[in-house]
Amino acid sequence: MAKIAFIGTGNMGSALARAASKAEENSLFLVNRHPEKAVILQKETGGCVTDHKTAAENADYLFLGVKPRMLPEVAKTLSPILQAMETPPVLVSMLAGTEIRQLQQNLGTHCPVIRIMPNTPVSVGEGMILYCCSDLVCTEDETAFLEAMRYAGRFIKLEEHLIDAGMAVSGCGPAYVDLFVEALADAGVACGLTRKDALLLAAQMTLGSARLILEGGQHPGILKDAVCSPGGTTIQGVRKLEEKGFRSAVMEAVIAAYQA
Ligand SMILES: NC(=O)c1ccc[n+]([C@@H]2O[C@H](COP(=O)([O-])OP(=O)(O)OC[C@H]3O[C@@H](n4cnc5c(N)ncnc54)[C@H](OP(=O)(O)O)[C@@H]3O)[C@@H](O)[C@H]2O)c1
C-alpha cells in the first residue's frame, strides 16, 4: 500500500492522481493553492484534501505538480517541513526542464527524488512517462513507485540528460498527433465525410497504427510498405507527403522543441 500526496492538483497533477486512485491499495493526499480543485478531485478519487505539512509527513511519495516558476514559492513552504523529518518521503517531480540538482537546491535538502516527465494521455491510462532517479532512491522504492502508478501508462527509465530529448518526443508529441488527426479529419470532410465520422476514422486509425507498431514489433517502414500496393492509391499519398516535406517537418518540430 502506498501513501501518495499531490502538491498541485492542476491538469497533470490531477491526471496522475486519478491514475494512482485506480490502484485500490493507494491512499491519496491532495493539496492545491486554491483548494477548490483538490475538493473536486477528492470526490472523484476518494483522496483526502489537506495541507502541505500533513501531506509531506504522511506520504511515501510526494508529487510536485506546480509549474516550474512556482517552485521557489512551494519550496519555501516545504523546505522546513522536509528538513525537520528524519525520513522524508520520496519526492516525485514532474516539473519540465527542472533537474534533480535544481530541485534539491531549492528545497535545501537531499530527499530521494524521482523525476518524471508524463504526457496528457496519462488521463486515459495510456501515458508515456519518462523517469530518472537520484542516488538516494533505493530499488524497493522505485519498484513500489512503478507498481503504485501502474494505471498511468508505460514507464521508461532514462539517464537524466536524456529526459529533455524524450520530452520533445512524447511530452510534446500529443500536440503534433492532434494536429495530424485534425488535418486528416479536415481532409475527410473536404472529401464528403461528416465531421464526426472523419474524426473517428482519423483517431481510431492513429490508435490502431500505434498498437501495430508496439505490439507487432515491426519497423514502421515495413508497415508502411505493406499498405502501399504497387501502382495503388496509398503510395500516391506518400509521394505527396514527401513532396511537402512531411518527415522533415516532424523532425524539425521535435528538434525545435528540444532546443527551446
Ligand atoms: N500539462 C502537461 O502536458 C505537462 C506535461 C509534462 C509535465 N508537466 C508539468 O506538470 C506541472 C504542472 O503543469 P500543469 O499543466 O498541470 O499546470 P496547472 O494546471 O497550472 O497546475 C498547477 C497547479 O499547481 C497549483 N499550485 C501552485 N502553487 C501551489 C502551491 N504553493 N501549493 C499547492 N499548489 C500550488 C495551482 O493551483 P491554483 O490553480 O490554485 O493556482 C495549480 O492547480 C508543470 O511543472 C509542468 O511542467 C505538464
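The shown structure was predicted, so the numbers you read here are calculated from the model rather than taken from an experiment. Atoms within each ligand, like the ligands themselves, are counted from 1 in listed order.
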Heavy-atom closest contact ([X] atom, [Y] atom, distance):
{"X": "Ala17", "Y": "Thr45", "value": "O-CG2, 4.2 Å"}
{"X": "Asn32", "Y": "Gly10", "value": "OD1-N, 4.2 Å"}
{"X": "Leu95", "Y": "Leu71", "value": "CD2-CB, 3.9 Å"}
{"X": "Asn119", "Y": "Met128", "value": "OD1-N, 3.0 Å"}
{"X": "Gly153", "Y": "Ile129", "value": "N-CD1, 4.2 Å"}

Can you sort out which atoms of ligand 1 are near [X], meaning under 4.0 Å from one of its heavy atoms?
{"X": "Thr120", "value": "3 (O)"}
{"X": "His34", "value": "38 (P), 40 (O), 41 (O)"}
{"X": "Ala96", "value": "45 (O), 47 (O)"}
{"X": "Glu73", "value": "31 (N)"}
{"X": "Gly65", "value": "11 (C), 12 (C), 21 (O), 22 (C), 23 (C), 24 (O)"}
{"X": "Met117", "value": "6 (C), 7 (C)"}

Among all the protein's non-hydrogen atoms, which is closest to [atom], and how far away is it?
{"atom": "atom 10 (O) of ligand 1", "answer": "Met94 CG, 3.4 Å"}
{"atom": "atom 32 (N) of ligand 1", "answer": "His52 NE2, 2.9 Å"}
{"atom": "atom 34 (N) of ligand 1", "answer": "Arg33 N, 3.1 Å"}
{"atom": "atom 24 (O) of ligand 1", "answer": "Gly8 CA, 3.6 Å"}
{"atom": "atom 21 (O) of ligand 1", "answer": "Gly10 CA, 3.3 Å"}

Which of these, [options], has its nearest heavy atom closest to [atom]?
{"atom": "atom 44 (C) of ligand 1", "options": "Leu130, Leu30, Leu95, Val66", "value": "Val66"}
{"atom": "atom 20 (O) of ligand 1", "options": "Lys67, Met167, Lys76, Met70", "value": "Lys67"}
{"atom": "atom 37 (O) of ligand 1", "options": "Leu41, Asn32, Leu64, Asp51", "value": "Asn32"}

For this session: For Met251, look at atom CE and say whether over 12 heavy atoms of other residues, nucleotides or ligands are found less than 6.0 Å away.
Result: no
For this session: Give a yes or no on whether Arg154 atom CZ has more than 12 heavy-atom contacts from other residues, nucleotides or ligands under 6.0 Å away.
Result: no
Problem set entry | Side chain, backbone, both or neither: the part of Ser14 lying under 4.0 Å from ligand 1 by heavy atom |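 Near ligand 1, Ser14 shows nothing, with every heavy atom at 4.0 Å or more.
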Exercise. Rounded to the nearest 0.5 Å, how far does CZ of Arg115 lie from CD of Gln102?
Worked result: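 Reported value, rounded in 0.5 Å steps: 8.0 Å.
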Problem set entry | Atom pair OG1/CG of Thr87 and Asp60 - distance to nearest 0.5 Å |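 Separation between the atoms: 11.0 Å.
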Has ligand 1 got any nitrogen or oxygen that is less than 3.5 angstrom from a nitrogen or oxygen of [X]?
{"X": "Met12", "result": "yes"}
{"X": "Asn11", "result": "yes"}
{"X": "Lys37", "result": "yes"}

For this session: May I ask you to check whether Glu73 and Thr77 show a side-chain donor-acceptor distance below 3.5 Å?
Result: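 The answer is no; no qualifying pair exists.
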Exercise. Taking atom types as modelled and ignoring hydrogens, do the side chains of Gln104 and Arg101 form a donor-acceptor contact shorter than 3.5 angstrom?
Worked result: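 Their side chains do not contain a donor-acceptor pair, so the 3.5 Å distance test is not met.
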Just to check, does [X] reach to within less than 4.0 Å of ligand 1 when the distance is taken from its heavy atoms?
{"X": "Glu36", "value": "no"}
{"X": "Pro118", "value": "yes"}
{"X": "Asn119", "value": "no"}

Exercise. What residue among Val92, Leu103, Ile116, Thr98 forms side-chain contact (heavy atoms from CB on, under 4.5 Å) with Leu64?
Worked result: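 The option that passes is Leu103.
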Problem set entry | ring pair (Phe, Tyr, Trp, His ring centres under 6.0 Å): pairs with one or both residues in residues 5-41, sequence neighbours excluded | Phe6-Phe63
